[in-house]
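What follows is a single structure, written as structure tokens, with notes after it.
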Amino acid sequence: MKRREFIQNHATSLATIALGQTILLTPDTAEAGILDFLRGTPKLYGQRKEVRRANGKGRKKNDYSKATITKGVCLNCSTVCGIQGYVIDGKLVKIGGNPEDPNNGKSLCAKGQSGTTINNYADRILYPMKRVGARGEGKWQRITWDEAYGMIAPRIKKAMDEGKPEEVAIQIGRSRIGEEMTRFLNAIGSPSLFNHRALCSSNKRAANYVSLGETDWESGDFERAKYILNFGANFYEAHQGAIHAAKRIIRGRYDNGAKLITVDVRMSNTAGRSDEWLCPRPGTDGALALAMGNTIITAGKHDAKWLNTWSNINAEELAKWIAPYTPEWAAGLSGIAAEDIRRIALEFAAAAPRAIAFTNRGSGAHYNGFNADRAVILLNAIVGSIGKEGGYCYGEEPTRVPPRVFPQPQPIPPAPKATSLIENPPEWPLANKWQRMKVGQIVYQGIKEGRGKMQVYFSYCVATPQTWPEGRSLTVEVLSDEKLIPFHVCSDIVYSEQAHYADLILPDATYTERWGFDTRNNMELRDYVTLRQPIVQPPAECVSFVDSMIEIGKRISPETAKYFNFKNHEDWLRQRCGAFGKRAEVKGPSGTAADGFAYMREHGVWQDMSKPKYYDLYNWELSEAQLAGTRVEGNNILRKNAAGKEVIVGLMVDGKARRGFATPSRKFSVYHEDIEQAAKDRKFTEDGGKGMPTYFPIPTHEKMSEEMLHLITFKWNVHTQGRTQSQKFLTEIVHHNPMWIHTDRANQLGIKTGDLVEITTYRPHGHAMKEGAGQVLGKAQITAYVTEGIHPRTVAVSNTLGNFFHGRAATAQRGRRGASAGWDNTIETEDQDLVDDIWWDARKGGTGSGYNINAILPIQPAPLVGMQGWYDTVCTLRKV
Ligand SMILES: Nc1nc2c(c(=O)[nH]1)N[C@H]1C(S)=C(S)[C@@H](COP(=O)(O)OP(=O)(O)OC[C@H]3O[C@@H](n4cnc5c(=O)[nH]c(N)nc54)[C@H](O)[C@@H]3O)O[C@H]1N2
Ligand SMILES: Nc1nc2c(c(=O)[nH]1)N[C@H]1C(S)=C(S)[C@@H](COP(=O)(O)OP(=O)(O)OC[C@H]3O[C@@H](n4cnc5c(=O)[nH]c(N)nc54)[C@H](O)[C@@H]3O)O[C@H]1N2
Ligand code: SF4
Ligand SMILES: [Mo]
């Protein structure tokens, strides 16, 4: 085949590839808009020329009374809403909320409803494929699953035989199969699970663990709150519990008269729907929170009794320590008037305990974000709203499927003995302290520097060239290098940014075609577990990645096979329902795993009603059974020796044995010894070295010249990172992401909406990653959107768009999929919308597929915890 013919086939003919046939899947000249962007000269802001055939002529209306309804779990974002799918004639035609789901009930967002487009997606990968050209050239050959497994299992065995199991690694994004991944890697003996948490929310998670001891996530009792103080969560559009929080906050506001204050550097949809919007300078949320705490304590409106009983720093000590953080001091840093800081702080205190101060990535995705989030959580302690009705609540281990109810099948592989400097980099001692959060953004740097070798590198549910900082430079450089990554197996559902750099592509089942248990924090303050089950069967040769892992595990060696003693993922989950089948609420006829599994299939969810709601969890009295064998030692702490291990079980308060917080002091931790120690070990002095929540300026911001601006990113309501761009209805709504710039700065620079602007970004200053500080990282040209709705010193570009791959909707490539042999008729033959209606195609006068700003965002892990300081980037602008 000549190159030209390959190009004609292009990515659009993926579904039609025959066994043994070769295909070229690389961006061609047709995608000039995108390639131009890479070279820094994108097409200008185009106009929509052709009108969509919007009348829906010839489309059949669905009769939902004829539909089969199956429960499942959405995964178009990490909120994991319970869903029910409506299937007519074997096709998933509609997705609604699972009314039994305690978190979202019947509510779903637009992305959730778009889930019907991913199964019949005409640009989907349907067969295993191996690379036949050079890495990244895009030349693929269809192979059988047997061949694919035959390429993987012996390579893993070789690494194990050489005593280097850590050289088998899995890179994951929003996966929701953590337990399955862990079993697979533990069976091999590898610790190398590289996850996304440092790119996502590890500062917030660490702040919750430090303060509360047992959870990474709060479950604010929003519905009953009177005052909601939101530091940088955009829950009307994004947030890990978007629907869950938003619907309760709406009820709180409209049924309960709650006031909502949003701190954001940009007029997000959440800020716009709040009673007040505070727009500080980026990275100063921690200063605001501390000054609010100062105001409350100075005015004597704090809950001294709560602090003296439950905090490891009493009210008097706290008052002394917080004294320097005055509203005037915070006003100087943030630009928010001291009188507003005072007023809001006192309103917050007056509403307590029905008052919640909480965070998300706006406060957390910074160099000082761990401390900012600790300071915000502290506000709840100061007013005594922790665990109270209408306050800052949380549950026990809310983000794990409870093993007491759904135990893993035996034998369970032991934790690996091997270690990996990439998985656990010593520069960030708090990254893996409470939870394996890792420092995902330095994985490629680590591989490049030879901190760890890779023999087999899996990627799953991740699109690092798109979603990681320096995604188009360092990330692609390492992914392309066959010496650094000799064998890359990518599991995906479409030919993605990640798949393009693989050696083997495994076509996965989508979240409406596969199995899994899932859970997250429950806003109803009870443990709950959901079941993801196939609503429809996967098309062609798509296989759920967990089933592939089981098959690989069985093929490596008898030693690994023994840990995969089940037929498939479905069987594995059924086996986990043994104890569950005996529970009273299941009421099965046989009291077996089959009954438990049938219950989960029918309801899609189980909620533990046997315990009270988790209000005042720390104040729960210990039962006789829990008290057995305990002794009281130093600071009223209850300890016991359980199977040779010393454990802390509670706290004596006013002569009663209470559960307390799961911290070393058994109290809410304002101070934390692990932080003090970690800072000392790493010679990190900027936080004052006292283990207390504090504010310190972001070094990169300290060094900004007058012409420099903050560059932040944000999430769209209809898109999720690297996952939704291929979904035509969502991409039809949002496919363009111009740079927001404030009117004043735009006027200064002579920039109008629609003008082309060149952004230059710079490498950060600061602890642990010092190389090249202050140097230019990259340049990109992008169109401007002038607005009052952003901080005057800040520009903002949404992440998510600017795809090179992911099919026609994502790359804005209108036209036919090439026809060739091997078409599988179990899926739709062609999608006319993709053929005719991609009106945003730049070649037809549209705006194209947008910009991938991650190409020019620097890697910048925060001190100690290692979270990516996404919103610390600085830039300069030039009108083109
Ligand atoms: N600039 C900037 N960058 C960011 C962020 C930001 O705010 N700003 N946010 C960060 C955050 S919070 C996160 S969590 C990360 C997430 O980053 P990623 O984990 O990379 O993104 P996802 O969207 O979760 O995953 C995208 C990939 O999963 C594939 N996929 C989708 N469904 C399936 C499936 O069923 N099976 C398989 N095997 N693959 C599937 C998609 O095709 C795509 O290739 O991005 C980070 N990147
Ligand atoms: N629609 C949609 N929903 C999603 C996702 C998605 O991609 N799209 N992703 C899911 C995932 S993985 C995650 S982690 C969550 C993230 O959910 P969120 O944290 O709610 O969303 P982000 O857009 O990452 O950041 C929130 C806000 O921070 C603001 N911000 C930037 N700098 C600052 C600052 O210094 N201070 C303050 N106060 N605000 C600042 C931005 O303008 C933005 O509006 O969303 C989840 N849900
Ligand atoms: S918030 Fe939307 S996309 Fe996210 S899980 Fe829920 S319905 Fe799905
Ligand atoms: Mo995330």
Side-chain angles (χ1 to χ4, degrees), residues 73-83 95-97 101 103-104 107-115 118 124-125 171-177 195-202 234-235 237-246 360-362 364-365 440-441 458-469 471 490-500 505-514 518 520 538 542 544-545 548 711-715 717-727 730 797-800 803 805-807 810 852-857 868 870-871 873:
V73 185
C74 185
L75 195 46
N76 250 344
C77 88
S78 45
T79 297
V80 295
C81 294
I83 53 174
I95 295 179
D101 188 289
N103 266 331
N104 64 288
S107 314
L108 286 188
C109 79
K111 292 170 287 145
Q113 299 183 49
S114 145
I118 64 177
R124 211 175 143 176
I125 302 174
Q171 177 103 51
I172 55 171
R174 308 288 338 189
S175 97
R176 316 307 295 183
I177 52 167
N195 69 24
H196 75 284
R197 285 199 182 108
L199 295 113
C200 178
S201 45
S202 57
N234 188 11
F235 53 83
E237 300 182 83
H239 192 280
Q240 288 84 337
I243 300 281
H244 314 172
N360 213 9
R361 299 181 70 257
Q441 69 277 44
F458 286 94
S459 57
Y460 172 79
C461 270
V462 78
T464 55
Q466 172 91 12
T467 52
W468 256 228
C490 174
S491 160
D492 211 311
I493 53 172
V494 293
Y495 190 69
S496 64
E497 321 295 303
Q498 192 82 28
H500 182 66
I505 303 175
L506 306 181
D508 199 8
T510 67
Y511 66 81
T512 57
E513 298 163 352
R514 64 174 187 253
D518 213 331
R520 56 166 308 115
C542 296
S544 158
F545 185 56
S548 305
L711 167 60
I712 62 129
T713 66
F714 63 93
K715 293 176 159 65
N717 52 358
V718 300
H719 277 304
T720 294
Q721 290 122 208
R723 156 173 315 244
T724 48
Q725 298 91 315
S726 55
Q727 298 172 34
L730 299 178
V797 181
S798 174
N799 54 306
T800 296
N803 282 63
F805 302 100
H806 261 97
N852 181 263
I853 195 69
N854 287 26
I856 58 162
L857 296 181
Q868 167 70 4
W870 285 112
Y871 306 150
T873 307

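The analysis underlying the following values was restricted to heavy atoms, covering all of them including side chains, and did not include hydrogens, waters or symmetry mates. Indexing begins at 1, ligand by ligand and atom by atom, following the structure's order. Positions are given from 1, in the same order as the sequence printed here.
Here's the thing with Thr713: one of its N/O atoms is less than 3.5 angstrom from an N/O atom of ligand 1. Distances between N or O atoms of Lys715 and those of ligand 1 include at least one value under 3.5 Å. Between His806 and ligand 1, an N or O atom pair is found at a separation short of 3.5 Å. Residue Ala463 has at least one nitrogen or oxygen atom sitting less than 3.5 Å from a nitrogen or oxygen atom of ligand 1, judged on distance alone. Considering backbone and side-chain N/O of Arg361, one or more are found under 3.5 Å from N/O of ligand 1. For ligand 1, the polar-atom distance check finds no N/O of Trp870 at less than 3.5 Å from any of the ligand's N/O atoms. Of the polar atoms of Tyr460, none of the N or O atoms is found under 3.5 Å from an N or O of ligand 1, judged by distance alone. Among the atoms of Gly722, some N or O lies under 3.5 angstrom from an N or O of ligand 1.
Side chain of Arg361 to main chain of Ser201: no donor-acceptor pair is present (N/O by atom type, distance under 3.5 Å, no hydrogens or angles). Of the possible donor and acceptor atoms, one in the side chain of Gln466 sits under 3.5 Å from a partner among the backbone N and O of Thr800. Checking side-chain atoms of Arg520 against main-chain N and O of Gln240 turns up a donor-acceptor pair under 3.5 Å. Remark: the backbone N or O of Ala509 is paired with a side-chain donor or acceptor of Arg514 at under 3.5 angstrom.
Protein heavy atom at the shortest distance from atom 44 (O) of ligand 1 is Asp492 OD2, 2.8 Å. Nearest to atom 5 (C) of ligand 1 among the protein's heavy atoms is Asn799 ND2, 3.4 Å. Ranking protein heavy atoms by distance to atom 1 (N) of ligand 1, first place goes to Asn854 OD1, 2.6 Å. When only non-hydrogen protein atoms are considered, atom 37 (C) of ligand 1 lies nearest to Asp508 OD2, 3.3 Å. Among all protein heavy atoms, the one lying closest to atom 2 (Fe) of ligand 3 is Cys109 SG, 2.3 Å. Nearest protein neighbour of atom 10 (C) of ligand 1, counting heavy atoms only, is Leu199 O, 3.3 Å. Atom 6 (Fe) of ligand 3 has Cys81 SG, 2.3 Å as its closest protein atom, hydrogens excluded (heavy atom only). The protein heavy-atom contact nearest to atom 24 (O) of ligand 1 is Arg723 NH2, 3.0 Å.
Gln721 and Thr467 are not linked by any side-chain donor-acceptor pair at a separation below 3.5 angstrom, with hydrogens and angles left out of the test.
Counting only non-hydrogen atoms, the option in Gly807, Cys461, Ser459 that gets closest to atom 25 (O) of ligand 1 is Cys461. Looking at Gln727, Gln725, Gln721, it is Gln721 that brings a heavy atom closest to atom 15 (C) of ligand 1. Nearest-heavy-atom check against atom 7 (S) of ligand 3 across Ile243, Asn717, Leu108, Leu75 picks out Leu108. Evaluated by nearest non-hydrogen atom to atom 46 (C) of ligand 1, the leading choice among Leu506, Thr467, Leu75 is Thr467.
The closest approach between Ser78 and ligand 1 stays at or above 4.0 Å for every heavy atom of the residue. Ligand 1 has no atom lying under 4.0 Å from any heavy atom of Tyr495. Using a 4.0 Å heavy-atom cutoff, Arg197 is absent from the residues neighbouring ligand 1.
Near Val80, the atoms of ligand 3 lying under 4.0 angstrom from a non-hydrogen atom of the residue are 5 (S). The ligand atoms of ligand 3 that sit less than 4.0 angstrom from a heavy atom of Asn76 are 3 (S). Ligand-side atoms of ligand 3 in range of Gly112: 2 (Fe), 3 (S), 7 (S), 8 (Fe), range being under 4.0 angstrom from any heavy atom.
Note: Tyr460 and Phe545 have parallel aromatic rings, judged against thresholds of 30 and 60 degrees for the angle between ring planes. Aromatic ring orientation, Phe805 versus Tyr495: perpendicular (interplanar angle above 60°, classes split at 30° and 60°).
Among the backbone and side-chain atoms of Cys74, an N, O or S atom lies under 2.8 Å from atom 8 (Fe) of ligand 3. Residue contact annotation: Cys77 places no N/O/S atom under 2.8 Å from atom 2 (Fe) of ligand 3.
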